[in-house]
Amino acid sequence: IRLVMLRPNELMEFCEFAGTNADDILIWVGKTLGKSLMERYFYGKDWSTENMANKKEVVLGILEALILMGYGAVTGQFRKDHILIDVYESLATEEKDNIMAKNLCILYLGIFNGVFEVLGIDVDGKEIECVLSGDDKCSYKFDLLGEELDDKLVDEEISEEAVSEFLASL
């Protein structure tokens, strides 16, 4: 990945200058980062022949990489017809008092969309919970636009206790 030195404040300020198209620009930047991340880890990989079980493992591995890169405590759950990604202690958490911090959440959405696009997983994503709205995490739901997941790939619900233990282990 090319090193991009953008502090959260710089991203938020950029959006003030971008005006009405800021959301689209941030999603594009996020998708570009997500695609670049995939390209660096899986140079030249053709995902069209991979099964969904392998793609699921790659998504979970990328989420672990994001944790190591400082994006927060990121978890993923695969459901029958959608994928949930939760981000605890996201970059936006530190900027709760700044209304422009929402732009950081949009960047995350773009990153996840970029990863799914490279893998050939057709999704429609949106943020459904946000620390800036008083929630304890930012949560993103990606509806699967193709076929539903096979039952053996569907994850069990993660309890709040398990999440607390995970966060304590970091």
Side-chain angles (χ1 to χ4, degrees), residues 1-12 15 23 26-27 29-42 52-119 121 123-144 149 153-170:
I1 294 178
R2 290 188 179 108
L3 180 60
V4 178
M5 297 295 290
L6 288 176
R7 296 178 304 236
N9 286 343
E10 290 169 336
L11 275 174
M12 293 181 293
C15 292
D23 289 4
L26 279 175
I27 288 177
V29 168
K31 284 178 88 170
T32 302
L33 289 171
K35 290 176 180 180
S36 179
L37 180 67
M38 291 294 293
E39 183 65 21
R40 296 295 177 196
Y41 280 115
F42 305 100
M52 186 56 106
N54 289 343
K55 291 178 181 181
K56 176 184 174 182
E57 291 304 314
V58 168
V59 168
L60 296 176
I62 291 295
L63 297 182
E64 286 183 39
L66 290 172
I67 293 170
L68 296 173
M69 287 188 276
Y71 282 82
V74 189
T75 64
Q77 299 176 50
F78 282 68
R79 303 282 183 228
K80 190 74 173 164
D81 62 349
H82 65 276
I83 301 167
L84 287 175
I85 297 179
D86 294 330
V87 184
Y88 297 85
E89 301 173 22
S90 73
L91 296 172
T93 304
E94 297 176 18
E95 298 292 332
K96 277 187 176 181
D97 297 330
N98 186 339
I99 193 159
M100 297 303 290
K102 188 66 181 163
N103 295 320
L104 297 170
C105 301
I106 296 168
L107 184 72
Y108 276 86
L109 181 63
I111 291 170
F112 301 138
N113 274 316
V115 170
F116 290 129
E117 186 175 314
V118 168
L119 291 171
I121 301 174
V123 296
D124 181 29
K126 63 183 175 190
E127 186 178 28
I128 57 174
E129 290 181 65
C130 183
V131 296
L132 302 174
S133 300
D135 296 306
D136 62 341
K137 65 183 180 293
C138 291
S139 188
Y140 302 87
K141 180 180 181 187
F142 297 89
D143 293 318
L144 296 170
L149 287 179
L153 296 177
V154 175
D155 296 324
E156 295 179 23
E157 288 280 337
I158 298 177
S159 70
E160 289 298 320
E161 290 175 7
V163 171
S164 294
E165 289 176 17
F166 170 70
L167 291 173
S169 72
L170 297 177

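For E39, the CD atom counts as densely surrounded, since its 6.0 Å shell holds more than 12 non-hydrogen atoms of other residues, nucleotides or ligands.
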Would you tabulate the side-chain donor-acceptor contacts of residues 107-114 under 3.5 Å, counting partners in other chains and residues two or more places apart, or write 'none'?
{"from": "Y108", "atom 1": "OH", "to": "Y71", "atom 2": "O", "distance (Å)": "2.5"}
{"from": "Y108", "atom 1": "OH", "to": "L91", "atom 2": "N", "distance (Å)": "3.1"}
{"from": "N113", "atom 1": "ND2", "to": "L109", "atom 2": "O", "distance (Å)": "3.2"}

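The shortest heavy-atom contact between Y41 and A65 is OH-CB, 3.5 Å. Residues K80 and L144 share a closest heavy-atom pair of O-CD1, 3.9 Å. Heavy-atom minimum distance, S139 versus D86: OG-OD1, 2.6 Å. Closest non-hydrogen pair, C105 versus L132, comes out as SG-CD1, 4.2 Å. Minimum heavy-atom separation, M38 to V58: CE-CG1, 3.8 Å.
With sequence neighbours excluded, the residues that form a salt bridge (Lys or Arg N to Asp or Glu O under 4.0 Å) with K56 are D155. In terms of the salt bridge (Lys or Arg N to Asp or Glu O under 4.0 Å) criterion, residue partners of E117 (sequence neighbours excluded) are, by chain and number, K31, K35.
Classification of K141 and D143 as a salt-bridged pair holds, one side-chain N sitting under 4.0 Å from a carboxylate O.
Separating the CZ atom in R79 from the CG atom in D81 is a distance of 10.0 Å, to the nearest 0.5 Å. Separation of atoms CZ (F142) and NZ (K126) is listed at 11.5 Å; rounding is to 0.5 Å. Atoms CE and CD, from M52 and E57 in turn, are 12.0 Å apart once rounded to the nearest 0.5 Å. A distance of 10.5 Å separates CD1 of I128 from OH of Y140, quoted to the nearest 0.5 Å.
Between L66 and L37, the closest side-chain pair of non-hydrogen atoms falls below 4.5 Å. A heavy-atom distance below 4.5 Å is not found between the side chains of D135 and K137. Side-chain contact between F42 and I62 is present, with at least one heavy-atom pair separated by less than 4.5 Å.
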side-chain contact (heavy atoms from CB on, under 4.5 Å) assessment of F116 paired with V59: CA-CA 8 Å; F116 290 129; V59 168; 3.9 Å; yes
Worked check of side-chain contact (heavy atoms from CB on, under 4.5 Å) between S36 and L33: CA-CA 5 Å; S36 179; L33 289 171; 5.6 Å; no
